[in-house]
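In what follows, a single structure is set out as structure tokens and then discussed.
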Amino acid sequence: MRKEYKTISEVVGPLMVVDGVQGASYDELVQILTPQGARLGKVLELEGERCVVQLFESSQGMQASRSKVRFFGHGTELAVSQDMLGRVFDGMGRPIDGGPAIIPEKKLDINGAPLNPTARDYPAEFIQTGISAIDGLNTLVRGQKLPVFSGSGLPHQQLAAQIARQARVLGSNDKFAVVFAAIGITFEESEFFVEDFKRTGAIERTVMFRNLANDPAVERIATPRMAITCAEYLAYELGMHVLVIMTDLTNYAEALREVSAARREVPGRRGYPGNLYTDLASLYERAGRIKGKPGSITQIPILTMPEDDKTHPIPDLTGYITEGQIILSRELHLKGIMPPIDVLPSLSRLKDKGIGKGKTREDHANTMNQLFAAYARGRDAAELAVILGDSALSPVDKQYAAFADAFEKEYVSQGYNTNRSIEETLDIGWKLLTILPKGELKRISEAMIEKYYPKEKAE
């Protein structure tokens, strides 16, 4: 039974205090009835009979004396159905694409629990994104959490759209879906994603949740949870492989900081709430595979690093929770490399589990290690040439510098509309390795060199 109270004692920003409340629970959904209309919120804090409610909409114009609060007895819920595929919703799960309302198979509380570690199945299947810098060197594995660290003005939107269009589980006919959460982005960015998905047909397998920059900040806290709850239904109820892309998690963390400040909490690092690590973990740890269930959830959270600072609390804590990171480079972006993925500081901790014979190709691990080593040495040689001049380099160093330049232009830079198979990516790697003397390929076995080294370049 729904309970109503007319005991609002205080309204401060997105928060409201209600006295004399009995039987309320944390995260319970509430409705605030005002002369101007109804607004939604949730229980944020309980202290005796005093309840702090967080509003999902602005409190502007609200008069405490003329308003009342209705408690629903359950948390914020998302109506889920297979019909959600191909649809666009707002940050609270309401359709905004002009289509009909979803007839739900069930309603799920969006505050789901992280996966039980004992129930997890180990990620081991390769997901092909069609992007060489990811597939070849920082491989994405089904059930993994692999964030993209970007910077203001870098093309993470184009990269996100490309991954959403092209990603698939290699060698599998299982159903694959994308859940896309746009968090605090501009209308122009939102339209870019919607139009791109429609133009390429990717919208048919995509569920999109859209929270715009001018929407209430507190709605941003619900948006990623809506997306993950939808993904859990598609994965664990319908048996689909689901890729969850969330952009931009920095806007989500800013919303947490705004609410924390309104609650007058003692701030943590750079003003963010002290429980930021726990809060981010409650999102990221809902990805993975469950033993005995065919579906899976793979996450690619995208966040912009303020001032390109990898030690900022948001990327710093994200790196502790997730299994690696893809880092976009401003330097490569200025050089016209598309996408500007800096492969050296990027990392996929599970890449070894998703590559090799029967998954990608038997030469994958060897060529990956050789490309990493050669590119790192080539970058060092190029930097040395800038300081001391080309004359300071040995003939072999000059070859490494030439390799690094070609690697960026041919391997990393492929544009945002090229979808490369893993075989194409590996073959490009072999082609680039011919720039170096054969004797420098010390991380590849003789048998692999004999089998895969381009014959026209053989010495």
Side-chain angles (χ1 to χ4, degrees), residues 122-146 148 159-176 178 200 202 205 241-243 245 289 296 298-300 323-326 337-339 341-344 346-375 406-434 441 443-445 447-455:
Y122 204 86
E125 293 170 275
F126 170 66
I127 291 182
Q128 180 174 287
T129 66
I131 301 166
S132 293
I134 297 177
D135 293 348
L137 301 177
N138 295 288
T139 311
L140 178 66
V141 180
R142 186 162 74 92
Q144 185 178 3
K145 309 175 288 290
L146 187 63
V148 174
L159 180 63
Q162 185 177 16
I163 293 172
R165 287 196 311 268
Q166 299 177 177
R168 66 188 182 94
V169 178
L170 199 62
S172 171
N173 294 320
D174 295 332
K175 294 176 288 184
F176 194 89
V178 175
T200 59
R205 63 168 188 173
H241 301 314
V242 185
L243 177 64
I245 301 175
R289 301 172 61 194
S296 66
T298 307
Q299 277 189 20
I300 299 185
E323 294 107 13
Q325 67 277 331
I326 302 296
I337 304 299
M338 301 182 295
I341 296 174
D342 193 347
V343 298
L344 293 183
S346 296
L347 170 69
S348 172
R349 294 189 178 95
L350 299 179
K351 62 188 174 188
D352 294 338
K353 310 301 178 186
I355 64 175
K357 191 173 183 179
K359 295 179 179 179
T360 53
R361 208 167 72 183
E362 59 183 343
D363 60 318
H364 192 158
N366 285 343
T367 55
M368 174 181 69
N369 293 335
Q370 188 66 65
L371 289 169
F372 263 123
Y375 181 53
F407 178 82
E408 291 175 356
K409 292 177 180 176
E410 297 180 37
Y411 193 96
V412 179
S413 186
Q414 65 180 75
Y416 299 106
N417 296 302
T418 302
N419 187 0
R420 290 177 180 167
S421 68
I422 186 60
E423 289 79 12
E424 288 178 88
T425 291
L426 293 171
D427 290 344
I428 292 171
W430 277 105
K431 175 190 167 190
L432 290 170
L433 289 174
T434 63
L441 307 184
R443 287 173 168 78
I444 305 178
S445 68
M448 292 290 180
I449 293 175
E450 182 66 28
K451 185 173 182 180
Y452 291 104
Y453 194 85
K455 301 303 181 198

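Remark: Asp363 engages Arg361 in a salt bridge (charged side-chain N to carboxylate O under 4.0 Å, His left out) (not counting sequence neighbours). When the salt bridge (charged side-chain N to carboxylate O under 4.0 Å, His left out) test is applied to Lys351, no partner is found at least two apart in sequence or on another chain.
Atom CD of Glu450 has 12 or fewer heavy atoms from other residues, nucleotides or ligands within 6.0 Å.
Of the possible donor and acceptor atoms, none in the side chain of Gln162 sits under 3.5 Å from a partner among the backbone N and O of Gly130. At distances below 3.5 Å, at least one donor-acceptor pair connects side-chain atoms of Arg420 with backbone N or O atoms of Tyr411. Using modelled atom types, one side-chain atom of Gln414 and one backbone atom of Ser132 make a donor-acceptor pair closer than 3.5 Å. Of the possible donor and acceptor atoms, one in the side chain of Glu323 sits under 3.5 Å from a partner among the backbone N and O of Lys145. The backbone N or O of Arg443 sits less than 3.5 Å from a side-chain atom of Gln370, completing a donor-acceptor pair. Of the possible donor and acceptor atoms, one in the side chain of Gln166 sits under 3.5 Å from a partner among the backbone N and O of Thr129.
Of the inter-residue distances, the one linking Thr139 atom OG1 with Gln128 atom CD reads 10.5 Å to the nearest 0.5 angstrom. Here CZ of Arg205 is found 10.5 Å from CZ of Arg165. Values are rounded to the nearest 0.5 Å. Met338 contributes atom CE, which lies 12.5 Å from atom CG of Leu159 (distance to the nearest 0.5 angstrom). From Ile355, atom CD1 reaches atom CZ of Phe126 across 9.0 Å, with rounding to the nearest 0.5 Å. Put simply, CD1 on Ile341 and CD1 on Ile326 are 6.0 Å apart, with the number rounded to the nearest 0.5 Å. To the nearest 0.5 Å, atoms CG (Leu371) and CG (Leu137) are separated by 6.0 Å.
Shortest non-hydrogen contact noted between Gly143 and Thr298 is N-OG1, 2.8 Å. Of all heavy-atom pairs spanning Ala124 and Val141, the tightest one is N-CG1, 3.3 Å. Annotation for Ile131 and Pro339: closest pair CG2-CG, 4.2 Å, computed over non-hydrogen atoms. Annotation for Trp430 and Tyr453: closest pair CE3-CA, 3.8 Å, computed over non-hydrogen atoms. Ala133 and Val412 get closest at one heavy-atom pair: CB-CG1, 4.4 Å. Leu243 and Ala167 make their closest contact through CD2-CB, 3.7 Å (heavy atoms, listed as atom of the first residue, atom of the second, distance).
His364 pairs with exactly one of Ile422, Asp135, Asn369, Asp352 by the side-chain contact (heavy atoms from CB on, under 4.5 Å) rule, that one being Ile422. Thr367 pairs with exactly one of Asp427, Leu426, Thr425, Leu432 by the side-chain contact (heavy atoms from CB on, under 4.5 Å) rule, that one being Leu426.
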Trace of the side chain to side chain contact (heavy atoms under 4.5 Å, CB included) decision for Asn138 with Phe372: CA-CA 10 Å; Asn138 295 288; Phe372 263 123; 4.1 Å; yes
Test log, rule side chain to side chain contact (heavy atoms under 4.5 Å, CB included), inputs Leu140 and Ile163: CA-CA 11 Å; Leu140 178 66; Ile163 293 172; 5.6 Å; no
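Looking at Ile444 and Tyr452, their side chains never come closer than 4.5 Å, going by heavy atoms from C-beta outward. Annotation: side chain of Lys353 is not in contact with side chain of Gln144 (no heavy-atom distance under 4.5 Å).
Side-chain contact check for Arg142 and Ser296: at least one donor-acceptor pair (N or O, by modelled atom type) lies under 3.5 Å.
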